[in-house]
Amino acid sequence: MSVSSARTGALNPVALLDAESLRADVDAAVTAHLDRLVAEVSAISPSAEVLVEEAAGLLMGGKRLRAAFCYWSFRAHGGAADPTDPARVAAVRVGAALELFQAAALLHDDVMDNSDTRRGRPTAHRAFAAKHAGADWSGDAVRFGDAAAILLGDLVLLAAQRELSAALAPLAADVAAAARARFDVMQSEVVVGQYLDVLVQAEPWGGDPASDEERARKVLRAKSASYSVAAPLALGALLAGRGAQAAAGIEAAGLPLGEAFQLRDDVLGVFGDPAVTGKPAGDDLREGKRTVVVARTLALLPDADGPEAATLTAALGDPGLSDEDVARVREIIVGSGALDAVEQLIADLSVRAHALLDLAHLTEPGRGVLTDLAHAAVDRAA
């Protein structure tokens, strides 16, 4: 698909991701890596092939936004569209490495959050537990499922490293080193952010809503904003050979955009349509996620010790929360004004991101597609 036809429906992420055959090329790179991995795993033990099968099911359902931010930053910084150009091939394969890294993070995240579904299918630890129970194996099915999913996450993380190394190998040494260094920092950011997420679930909550919200924003900036948007944008600039200054400039735009992207996820985690998001309505509430939406609601309720606050706090982390319970919590959030406030925060962050994109020295068609991708990442239903 051409760039011009993709931009005709600017907020249609499917069209944007199909431009210049990006989705097909990233999918092909991921599939090729999985084919090599299944051969390697099968040679070790055919009984472990199920690991790669489960990884493939997860990887084939992604939106490819991270790969798209990387690729279109590459194009906006002067990278070539020629599919035979080594730098373009590298940009696509780094996009595949980003998709593999995200899958590894999701596999571990789902175990930590005890999630039931991901992208409309059972999470890996649930699928492995069901396999254990169905085969009537010895031991605890849940422990088996958790262990298998953690190991699968490790395997996919190794796959991301391999794909990245292969992607960077043909490039100039300085370009490859800079891209490798940024990818490595991104990984540290995600792990630290994940720990902060675990920590904020354990620490006291509700006594100081303003502090709670700031902690929640720190988590999403470290855990999600960087690797969802900012790091892919920086990697694209580096792969185009534009160096650290250009990478820093585009990353500055990616940070508020990444935060807005994750805030949209938090809103969808409570208000999203399960048919679109692939997760049950209110799943973030059942998982007890301490989000900006929740913190802002507690801050805006007129009575911090009243029945509405009690209903909200009781709902957090309740796995048995019914659809009626979720509907009641939604009413509390909307009635407090928190939903409107978070939507305004998303809008403010988006405006800041677009202003910084305008300041960056970008070329067409990459500039236009990045602008459209920025809108699509925030104004979405899944």
Side-chain angles (χ1 to χ4, degrees), residues 2-3 6 16-17 19-26 28-30 32-33 64-102 160-189 226-255 257-258 353-354 356-374:
S2 70
V3 174
L16 290 170
L17 294 167
E20 295 191 356
S21 301
L22 176 61
R23 185 197 298 272
D25 291 346
V26 172
V30 170
H33 195 108
R64 305 295 189 241
L65 273 174
R66 290 159 185 83
F69 278 122
C70 177
Y71 176 78
W72 286 106
S73 175
F74 166 79
R75 293 282 283 118
H77 286 93
D82 180 357
T84 65
D85 185 277
R88 199 267 183 186
V89 173
V92 168
R93 294 195 70 178
V94 170
L98 285 165
E99 295 296 320
L100 288 162
F101 176 77
Q102 185 204 12
Q161 307 308 310
R162 286 172 147 184
E163 185 67 19
L164 180 69
S165 295
L168 299 179
L171 302 182
D174 59 333
V175 172
R180 176 86 240 189
R182 185 61 191 92
F183 200 99
D184 287 348
V185 170
M186 177 195 74
Q187 294 177 102
S188 295
E189 289 167 341
S226 175
Y227 100 102
S228 294
V229 182
L233 288 173
L235 284 164
L238 293 170
L239 292 168
R242 290 287 299 278
Q245 185 173 355
I250 195 70
E251 185 166 350
L255 288 170
L257 181 59
H354 283 284
L356 289 168
L357 277 175
D358 289 342
L359 291 174
H361 299 292
L362 306 178
T363 60
E364 296 293 355
R367 171 190 284 277
V369 177
L370 280 181
T371 298
D372 292 342
L373 279 171

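- Taking Asp184 as the reference, Arg180 meet the salt bridge (Lys or Arg N to Asp or Glu O under 4.0 Å) condition, with sequence neighbours excluded.
- Every residue meeting the side-chain contact (heavy atoms from CB on, under 4.5 Å) condition with Val175, not counting sequence neighbours, appears here in chain and number order: Leu171, Ala172.
- With sequence neighbours excluded, the residues forming a side-chain contact (heavy atoms from CB on, under 4.5 Å) with Ala68 are Leu17, Leu22, Trp72, Leu373, listed by chain and number.
- With contacts defined as side-chain heavy-atom distances shorter than 4.5 Å, the pair Arg367/Asp358 qualifies.
- The distance from atom OG1 of Thr371 to atom CG of Leu362, rounded to the nearest 0.5 Å, is 8.0 Å.
- With sequence neighbours left out, Arg64 forms a side-chain hydrogen bond (donor to acceptor under 3.5 Å, both in side chains) with Asp27, Glu99.
- For Ala160, the side-chain contact (heavy atoms from CB on, under 4.5 Å) partners at least two apart in sequence or on another chain are Leu100, Phe101.
- Minimum interatomic distance between Ala67 and Val26 (heavy atoms only, all atoms of both residues): CB-CG2, 4.0 Å.
- For residues 84-95, every residue pair satisfying the side chain to side chain donor-acceptor pair (under 3.5 Å) rule, not counting sequence neighbours, is listed here: Asp25-Arg88, Tyr71-Arg88, Asp82-Thr84, Arg93-Glu163.
- Under the side-chain hydrogen bond (donor to acceptor under 3.5 Å, both in side chains) criterion, Asp174 pairs with no residue at all, not counting sequence neighbours.
- In terms of heavy atoms, Cys70 sits closest to Leu98 at CB-CD1, 3.9 Å.
- For Phe183, the ring pair (Phe, Tyr, Trp, His ring centres under 6.0 Å) test picks out no residue, with sequence neighbours left out.
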Kindly list each side-chain donor-acceptor pair under 3.5 angstrom involving residues 227-251, sequence neighbours excluded, with atom names and distances?
unit_1 : atom_1 : unit_2 : atom_2 : d
Ser228 : OG     : Arg66  : NH2    : 3.0
Ser228 : OG     : Ser224 : O      : 2.7
Arg242 : NH1    : His77  : O      : 3.4
Glu251 : OE1    : Arg182 : NE     : 3.3
Glu251 : OE2    : Arg182 : NH2    : 2.8

